[in-house]
Protein chains: 2
Amino acid sequence: MPFPPLRFEKDVLKILDQRQLPLHEVWIECRDSRRVHWAIQHMAIRGAPAIGIAGGYGLWLGIRKFRGSRRAFFNKLRQEAAYLKGARPTGVNLRNVIDRIMACIHLLKQNDVEILKKRVLEAAQSLHKEDDLLCRRMGRHGARLFKTGDRVLTHCNAGGLATSGYGTALGVLYAAKSMGKKITVYAAETRPLLQGARLTAWELLQSDIPCTLVCDNAVASLMRAGKIDRVIVGADRIARNGDTANKIGTYSHAVLAKVHNIPFYVAAPRTTFDFTIRSGKGIPIEARDAKEVSEGFGPRITPHGVRIENPAFDVTPHSYISAFITEAGILRPPFQTSFKKLESSLQR
Amino acid sequence: MPFPPLRFEKDVLKILDQRQLPLHEVWIECRDSRRVHWAIQHMAIRGAPAIGIAGGYGLWLGIRKFRGSRRAFFNKLRQEAAYLKGARPTGVNLRNVIDRIMACIHLLKQNDVEILKKRVLEAAQSLHKEDDLLCRRMGRHGARLFKTGDRVLTHCNAGGLATSGYGTALGVLYAAKSMGKKITVYAAETRPLLQGARLTAWELLQSDIPCTLVCDNAVASLMRAGKIDRVIVGADRIARNGDTANKIGTYSHAVLAKVHNIPFYVAAPRTTFDFTIRSGKGIPIEARDAKEVSEGFGPRITPHGVRIENPAFDVTPHSYISAFITEAGILRPPFQTSFKKLESSLQR
């Protein structure tokens, strides 16, 4: 795992503060669920899979000191689960992870509270490991879609830092590299928080994959100039029909890719799929603080009093997506059929 | 003229340093052509029409202290003209203004050097006034395309600050407002130099036109959500077939507008048209310093050693443009025919 954004050591969850990358490497120590909630909400940790993993540990940190009856324990557990799930609304992995731990603990409810607490931690650790496995498997499948010479656009950071360490979209590129395929990357900077400029550029430089950084609004002319062969992004939530929520700007790249006849891939593990919703219309889109736009990384640059809209995500309709890269293989349209491969993938 | 970015007073050209707006209002005093060249190159003044006007005064500042023969004067004039025209390559107004002054002075070449110097200044002042006239006329024509309730997207700043004070794209919106039409604007922030966030938002706030600032990459989802009725932008150079160079990101908005069935207008005076080139392929695209991307308005945000591409402009093919708004009226496709209206527009 080249870029793990979190470590669990001696009952402490250590989270790499990604807001300070690439210039400073600062680790935040979380000893309770409140700190984990804060780190997720303030995006010290980000990326739907990584948020999910942090949430799992957060749930354990929330109940580890609990003393009381089994009934009170389950009340507390439910309360912590709801609290943590509320930290960020769009990515579904956080909810999925917590729901899976809850389901597991419910099955074990005949045990003592102390045992149950231990099981919560074991489940969180297991989901942490699972993410690495899913990413590596996804990487192997996805790498087949790429060949030496490909110039690949990516948006935001769907790398090691967004997962347990290996990455979804970037994991595919790491896998391609390990197969000897020489790929070059255009990283879109990804306003307002510049995850492309700060995180993806940083990961790729260290991975020795040639990378060129561009402003988001330069992507269209790169495509028209024939400089981009493929687009690959991660996802925060994928609906049953394939509509995909991901970092704001993804939909823009998807439309432009279609107009310029460039394949557009989404790399995501089963944990990012939400089969409870029919389409992208059911995905809540988080609106974040205007300050991210007006004074993100330096002094204020906007006039006082200006209204700002800052949606953190957009939804790309399934018709713009050439294929999903998952641990169960490459899923192509019609997704209604191909998604069936995923149904059983988490029940190994 | 609500937002004049330059003033000529007592033989000094005063240029508003737009790099410092909206937080600081600093005026740069230019007493020679070198200072004007610097102000254009470093984008203290920007916007193709405003650059043109500054270039005209720059030409005069370059020869005002000249002493010598008429032949030597013309040598000096040509030298200054070439020097100033080289300050920025993409916008054509700078070249157009200087060529028009040169053509005029050539016709008057029987005069003494002192008289010729005076004529250079008169011509520069005349072109300064002309720009205001063209913008206001353009505004009146263009305003017909807008109606109360329209939500209009604009990119970069094609306002007063980009011209003699009234604006091209924003001039149209000012004219619409003065006709009582209630319009609201989405301003795309326009990375890397944030002319939308800093300049357009500032102008519109002062003009009492409701304005919402968004990141460039949020435009696509706004369009999909049905929140944008029209797009209007300025231009830096328009080829004979209608292909239009404008601030990087314009092409992206144009493609997205077409996909979402939203009219896309370009507002530009005759001085922005370059009938010497057949298509956008003939327009040189300026590549600017990577630092604009890596540390534009605060500390460095990118990892050291990352490669950055920073094209300042892109070209929107004519097929994406619904109409040009010019001082000669609204020009619709086929542009080969409608552009004929422009041929004589500067020979009143």
### Message
Which heavy atom of B:Pro22 sits nearest to which heavy atom of A:Thr302, and what is that distance?
### Response
CG-C, 3.7 Å

### Query
Considering only heavy atoms, which portion of A:Pro210 lies under 4.5 Å from any heavy atom of chain B: side chain, backbone, both, or neither?
neither

### Message
Given heavy-atom pairs under 4.5 angstrom as the criterion, report whether the side chain, backbone, both or neither of B:His253 touches chain A.
### Response
neither

#### Entry: Interchain contact, B:Leu222 with chain A, by part (heavy-atom threshold 4.5 Å)
side chain

### Interface moiety of B:Lys281 toward chain A, non-hydrogen atoms closer than 4.5 Å
neither

### Task
Heavy-atom distances under 4.5 Å only: say whether B:Ile308 touches chain A with side chain, backbone, both or neither.
both

### Task
Write down the atom of A:Arg300, the atom of B:Leu23, and the distance for their closest heavy-atom approach.
O-CD1, 3.0 Å

### Task
For side chain to side chain contact (heavy atoms under 4.5 Å, CB included), just list the numbers for A:Lys258 and B:Val259, CA-CA rounded to whole Å, side-chain angles, deciding distance to a tenth of an Å, and then say yes or no.
CA-CA 10 Å; A:Lys258 184 153 211 151; B:Val259 167; over 6 Å; no

### Task
Output the option from B:Ala220, B:Gly249, B:Pro303, B:Pro317 having the highest count of non-hydrogen pairs under 4.5 Å with chain A.
B:Pro303

### Message
So for B:Glu189, is it side chain, backbone, both, or neither that comes closer than 4.5 Å to the heavy atoms of chain A?
### Response
side chain

### Non-hydrogen atoms of A:Arg198 and B:Ile301 that approach each other most closely
CG-O, 3.0 Å

### Message
Would A:Ser252 and B:Leu256 count as a side chain to side chain contact (heavy atoms under 4.5 Å, CB included) here? Give the steps.
### Response
CA-CA 7 Å; A:Ser252 183; B:Leu256 293 165; 3.6 Å; yes

### Message
Strictly distance-based, threshold 3.5 Å: is any side-chain N or O of A:Asn217 a donor or acceptor partner for the main-chain N or O of B:Arg191?
### Response
yes

### Query
What pair of heavy atoms forms the shortest contact from B:Ser221 to A:Ile248, and how long is it?
OG-CD1, 3.5 Å

### Task
Go through the steps to decide whether B:Val255 and A:Arg224 satisfy the test side chain to side chain contact (heavy atoms under 4.5 Å, CB included), and finish with yes or no.
CA-CA 11 Å; B:Val255 171; A:Arg224 188 162 181 93; over 6 Å; no

### Message
Testing the basics here: between A:Arg307 and B:Thr212, what is the closest heavy-atom pair and its distance to 0.1 Å?
### Response
NE-OG1, 2.8 Å

### Residue, of B:Ala187, B:Ala197, B:Gly298, that accumulates the most heavy atom pairs under 4.5 Å with chain A
B:Ala197

## Note on the structure
Between the OG atom in B:Ser294 and the CG atom in A:Leu194, the distance rounded to the nearest 0.5 Å is 11.0 Å

### chain B contacts, top residue of A:Lys247, A:His260, A:His304, A:Gln206 (heavy-atom pairs, under 4.5 Å)
A:His260

### Query
Taking all atoms of both residues into account, what is the closest heavy-atom pair of A:Pro311 and B:Ala218, and its distance?
CG-CB, 4.3 Å

